[in-house]
Amino acid sequence: MQIIYKPRGSGKTTDLIKEAAKTFSYIVCQNYKEADRIRNRARTLGLDISYPITYREFLDGSYNLIGSKSLLIDNVESLLQIISSVPIKAITLTEE
């Protein structure tokens, strides 16, 4: 698993868009407004990606990953917070 760790506004989502275009992966993002923003950014970059799925669609399984090889999660800390009813103070990641 690749981890993209950069400050806000430094191109993390753009990196995901490029990866999605290269690997035929779906991006998972916070909501439809963000999905539209991501899709429009991809078009600006001249890249073709599948329309992103939302965290809710991801969590309830209401999506179809036709032709997809993998998922790319944008702002995973927001996804984790949606799952939890209390603030998440820390996470660990295992290097692969």
Side-chain angles (χ1 to χ4, degrees):
M1 175 184 354
Q2 178 184 5
I3 298 169
I4 301 169
Y5 182 72
K6 297 179 181 180
R8 182 173 301 279
S10 63
K12 295 182 302 292
T13 302
T14 298
D15 291 347
L16 278 188
I17 291 167
K18 291 175 182 177
E19 185 68 17
K22 183 172 77 174
T23 61
F24 306 103
S25 300
Y26 275 78
I27 294 175
V28 182
C29 64
Q30 193 161 8
N31 52 44
Y32 289 115
K33 181 178 177 181
E34 187 65 10
D36 286 340
R37 188 184 75 78
I38 289 170
R39 184 66 179 263
N40 290 334
R41 177 72 177 135
R43 286 184 180 147
T44 300
L45 295 168
L47 298 173
D48 185 32
I49 65 168
S50 297
Y51 190 81
I53 64 174
T54 67
Y55 293 165
R56 284 287 162 215
E57 291 169 321
F58 175 70
L59 293 172
D60 68 19
S62 63
Y63 56 89
N64 188 344
L65 301 179
I66 296 173
S68 178
K69 305 288 185 195
S70 59
L71 292 173
L72 307 171
I73 299 176
D74 195 29
N75 298 314
V76 70
E77 68 280 4
S78 297
L79 174 59
L80 292 173
Q81 197 55 67
I82 285 173
I83 296 169
S84 177
S85 61
V86 297
I88 297 171
K89 293 291 186 182
I91 63 169
T92 65
L93 299 170
T94 301
E95 184 177 340
E96 292 183 19

Participant: Does Tyr32 share a hydrophobic cluster with Ile27, counting links as ILVMFWY side-chain heavy atoms below 4.5 Å and allowing steps through other members?
Facilitator: no
Participant: Show me the donor-acceptor pairs within less than 3.5 Å that the side chains of residues 44-54 make with the rest of the protein, sequence neighbours left out.
Facilitator:
from: Thr44; atom 1: OG1; to: Asn40; atom 2: O; distance (Å): 3.0
from: Tyr51; atom 1: OH; to: Asp36; atom 2: OD1; distance (Å): 2.6
from: Thr54; atom 1: OG1; to: Glu57; atom 2: N; distance (Å): 3.1
from: Thr54; atom 1: OG1; to: Glu57; atom 2: OE1; distance (Å): 3.3

Participant: Is there a donor-acceptor pair closer than 3.5 Å between any side-chain N or O of Gln30 and the backbone N or O of Ala35?
Facilitator: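 No; judged by distance alone, with no hydrogens or angles, the pair does not exist.
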Participant: Honestly curious: do Leu16 and Val76 fall in one hydrophobic cluster under the side-chain, below-4.5 Å linking rule?
Facilitator: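 Unlinked, Leu16 and Val76 end up in two clusters.
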Participant: Write down the atom of Ile17, the atom of Arg41, and the distance for their closest heavy-atom approach.
Facilitator: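 Looking at all heavy atoms of both residues, the closest pair is CD1-CG, 3.5 Å.
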Participant: Let me confirm one number: the CD1-CG distance from Ile73 to Leu79, rounded to the nearest 0.5 Å.
Facilitator: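 One gets 5.5 Å once the value is rounded to the nearest 0.5 Å.
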Participant: Would Leu72 and Tyr5 show up in the same hydrophobic cluster when neighbours are defined by side-chain heavy atoms closer than 4.5 Å?
Facilitator: no
Participant: Taking everything shown except Lys12 itself, do over 12 heavy atoms lie less than 6.0 Å from its NZ?
Facilitator: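 Yes, enclosed.
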Participant: Please report the interatomic distance OG1(Thr14) to NZ(Lys6), rounded to the nearest 0.5 Å.
Facilitator: 8.0 Å
Participant: Once you round to the nearest 0.5 Å, how far does CD1 of Ile4 lie from CG of Asp15?
Facilitator: 5.0 Å
Participant: Can you hop from Leu59 to Tyr63 via hydrophobic side chains spaced under 4.5 Å?
Facilitator: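 Linked within one cluster.
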Participant: Flag the pair Ile91 / Glu77 as yes when at least one side-chain heavy-atom distance between them is below 4.5 Å, and no otherwise.
Facilitator: no
Participant: Got more than 12 heavy atoms from elsewhere within 6.0 Å of NZ, Lys33?
Facilitator: no
Participant: To the nearest 0.5 Å, tell me how far Phe58 CZ sits from Leu71 CG.
Facilitator: 6.0 Å
Participant: Kindly indicate whether the side chain of Asn31, heavy atoms from C-beta on, has any atom under 4.5 Å from the side chain of Tyr55.
Facilitator: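 Side chain of Asn31 against side chain of Tyr55, heavy atoms only: no contact under 4.5 Å found.
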